[in-house]
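From a predicted model like this one, the values you see are computed outputs, not experimental measurements. Chain naming here is simple, since letters A, B, ... match the order of the sequence lines and numbering starts at 1 in each.
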2 protein chains.
Amino acid sequence: MKKMNEAITLEFEELNSELVDVFNNVMWIEEAALKQSDFSDITLKDMHTIDAISMYSEKSASQVAKMIHLTPSAMTTAIDKLVDKGYVERRRSNTDRRVVRLGLTHKGRVVYRAHQGFHRDLAHNLLKDMQPTEIAAVKRAIHNLVCYLANVIKQ
Amino acid sequence: MKKMNEAITLEFEELNSELVDVFNNVMWIEEAALKQSDFSDITLKDMHTIDAISMYSEKSASQVAKMIHLTPSAMTTAIDKLVDKGYVERRRSNTDRRVVRLGLTHKGRVVYRAHQGFHRDLAHNLLKDMQPTEIAAVKRAIHNLVCYLANVIKQ
DNA sequence: AAAATTAGTTTGACTATCGAAATAAATCGT
DNA sequence: ACGATTTATTTCGATAGTCAAACTAATTTT
């Protein structure tokens with residue numbers, strides 16, 4: 001174990017604890033915000049499904065399932081619900097009639113944009129009142145994290 | 001709508017998308033890591049319960065329930081499971097025999113420390129190869145986020 | 001000491017999820 | 001071109017997590 005400067009250790013623990021705080025709370029806050037919104041009939045998980053389907057490229061049901069780590073069967077029922085509620089459309093592919101192409105309805109696109117807005121607010125508030133050099137540092141840190149997580153996945 | 005420098009806008013979108021990536025993946029990675037570990041009999045939610053109970057202060061069941069946004073009834077069944085599996089202990093308080101004080105068993109403390117280690121790794125990798133001034137910037141950014149989220153909760 | 005409050009548990013209904021089997025369409029080997 | 005295999009999705013049955021409401025027991029208020 002490396003001997004560390006005490007002040008730095010303390011700094012680190014403070015950061016760590018705030019980081020834990022963010023991770024533990026973001027999901028819950030997002031869920032709660034959704035419940036109070038005009039789209040209270042969907043959960044955050046539904047929202048992530050909608051996000052994975054997203055605006056433009058038409059993905060197949062199993063592609064979306066993989067993206068959000070759901071089994072195909074769970075995907076089917078999730079889509080059923082979102083189709084019933086009018087957020088998502090199922091279209092059988094013309095070139096391969098086994099695959100189901102998923103797309104957002106108008107309502108789906110509205111809620112997708114609203115959710116993107118939420119994330120944009122998060123990012124804006126992360127960078128609140130920061131200088132370009134500081135912003136660069138933050139960006140690098142987030143990138144570090146993304147790379148680290150990507151590595152963890154690979155193993 | 002404010003007119004923005006295009007390069008800065010692009011920078012921002014890149015950061016935003018990585019941020020979304022982190023939020024979407026951390027939970028899943030944590031869950032997967034847990035499944036492959038020696039503690040595959042608990043879920044990430046169980047882990048958060050254990051984390052809320054934590055090492056030292058003896059909290060009541062309802063205090064823990066509030067911390068992790070669970071109803072008392074859900075808390076009861078969650079604790080039942082963790083008691084069965086040997087991670088948590090229930091003790092009726094002596095001063096007020098309605099309240100249940102929760103504590104970690106030896107096994108519970110081991111898994112708690114392991115989980116803390118996971119979070120510490122995250123924080124270390126966030127700050128990988130960064131200078132003190134950069135670290136300060138990152139810290140301020142995370143703090144911004146914590147404050148923003150705290151405000152969202154209040155409304 | 002009766003009524004109200006508080007902490008936690010039990011019960012019943014509902015939802016999400018998974019894995020296995022079923023279905024249906026495409027492709028491969030001959 | 002035909003049957004066998006593979007692929008994409010769905011259906012079904014089982015399990016687990018959640019909530020709200022009813023309930024029990026302990027404590028506090030009046």
Side-chain angles (χ1 to χ4, degrees), chain A residues 24 27-28 30-32 34-36 39-53 57-85 87-103, chain B residues 24 27-28 30-32 34-36 39-53 57-85 87-103:
Chain A
N24 283 343
M27 296 289 177
W28 173 74
E30 222 165 329
E31 182 93 53
L34 207 51
K35 277 218 188 83
Q36 292 176 347
F39 304 102
S40 56
D41 61 343
I42 54 172
T43 66
L44 183 57
K45 291 200 172 183
D46 292 330
M47 192 64 245
H48 287 153
T49 306
I50 288 170
D51 202 64
I53 294 172
S57 66
E58 295 230 314
K59 292 161 197 121
S60 75
S62 38
Q63 280 178 309
V64 173
K66 238 173 226 154
M67 286 175 75
I68 59 176
H69 312 111
L70 267 189
T71 58
S73 61
M75 192 79 254
T76 296
T77 53
I79 301 284
D80 283 349
K81 239 180 27 189
L82 289 172
V83 169
D84 284 352
K85 291 177 182 163
Y87 292 93
V88 170
E89 275 176 358
R90 265 194 182 95
R91 297 176 215 122
R92 223 81 210 193
S93 160
N94 290 329
T95 58
D96 183 341
R97 299 227 317 282
R98 289 169 306 178
V99 334
V100 170
R101 300 251 157 240
L102 299 175
Chain B
N24 283 343
M27 296 290 176
W28 173 74
E30 224 165 328
E31 182 93 55
L34 207 51
K35 277 217 187 84
Q36 292 176 346
F39 305 102
S40 56
D41 61 342
I42 55 172
T43 64
L44 184 56
K45 290 202 171 182
D46 292 331
M47 193 62 246
H48 288 153
T49 306
I50 287 169
D51 202 65
I53 293 171
S57 65
E58 295 230 314
K59 292 162 196 119
S60 74
S62 39
Q63 281 177 309
V64 174
K66 239 174 224 153
M67 286 175 75
I68 59 175
H69 312 111
L70 268 189
T71 58
S73 61
M75 193 78 250
T76 295
T77 54
I79 301 282
D80 282 348
K81 237 180 28 188
L82 289 171
V83 169
D84 284 351
K85 291 177 182 163
Y87 292 94
V88 171
E89 276 176 358
R90 265 195 182 96
R91 296 174 218 124
R92 224 79 210 194
S93 161
N94 289 329
T95 57
D96 182 342
R97 300 227 319 281
R98 289 169 305 178
V99 336
V100 170
R101 301 250 158 241
L102 299 175

Could one point to a donor on the side chain of A/Ser73 or the base of C/dG19 with an acceptor on the other under 3.5 Å away?
-> yes

NZ/A/Lys85: more than 12 non-hydrogen atoms of other groups inside 6.0 Å = yes

Checking all strands, does B/Arg101 fall into the base, sugar-phosphate, or nothing category for heavy-atom contacts under 4.0 angstrom?
-> nothing

Among C/dT9, C/dA7, C/dC18, the one nearest any side-chain atom of B/Ser62 is C/dA7

Step through the shown structure and confirm whether more than 12 heavy atoms of other residues, nucleotides or ligands are within 6.0 Å of CZ on B/Arg90.
-> yes

Sidechain N-carboxylate O distance under 4.0 Å for A/Lys35, A/Asp41 | no

Can you check whether A/Arg92 has a side-chain N or O nearer than 4.0 Å to OP1 or OP2 of C/dA26?
-> no

Of A/Thr77 and A/Asp96, whose closest DNA chain C nucleotide lies nearer the 5' terminus?
-> A/Thr77

Select base, sugar-phosphate, or nothing to describe what B/Thr95 touches, counting heavy atoms under 4.0 Å on all strands.
-> sugar-phosphate

When you check the phosphate oxygens OP1 and OP2 of C/dT15, does a side-chain N or O of A/Lys45 lie under 4.0 Å from one of them?
-> no

Between B/Thr43 and B/Asp46, is any side-chain donor less than 3.5 angstrom from a side-chain acceptor?
-> yes

Residue met sooner reading DNA chain C from 5', once A/Thr71 and A/Arg97 are mapped to nucleotides | A/Thr71

Choose from D/dT9, D/dT18, C/dT9 the nucleotide whose nearest atom is closest to any side-chain atom of B/Val100.
-> C/dT9

Per the atom types in the model, does the base of D/dT9 pair as donor or acceptor with the side chain of A/Arg98 at under 3.5 Å?
-> no

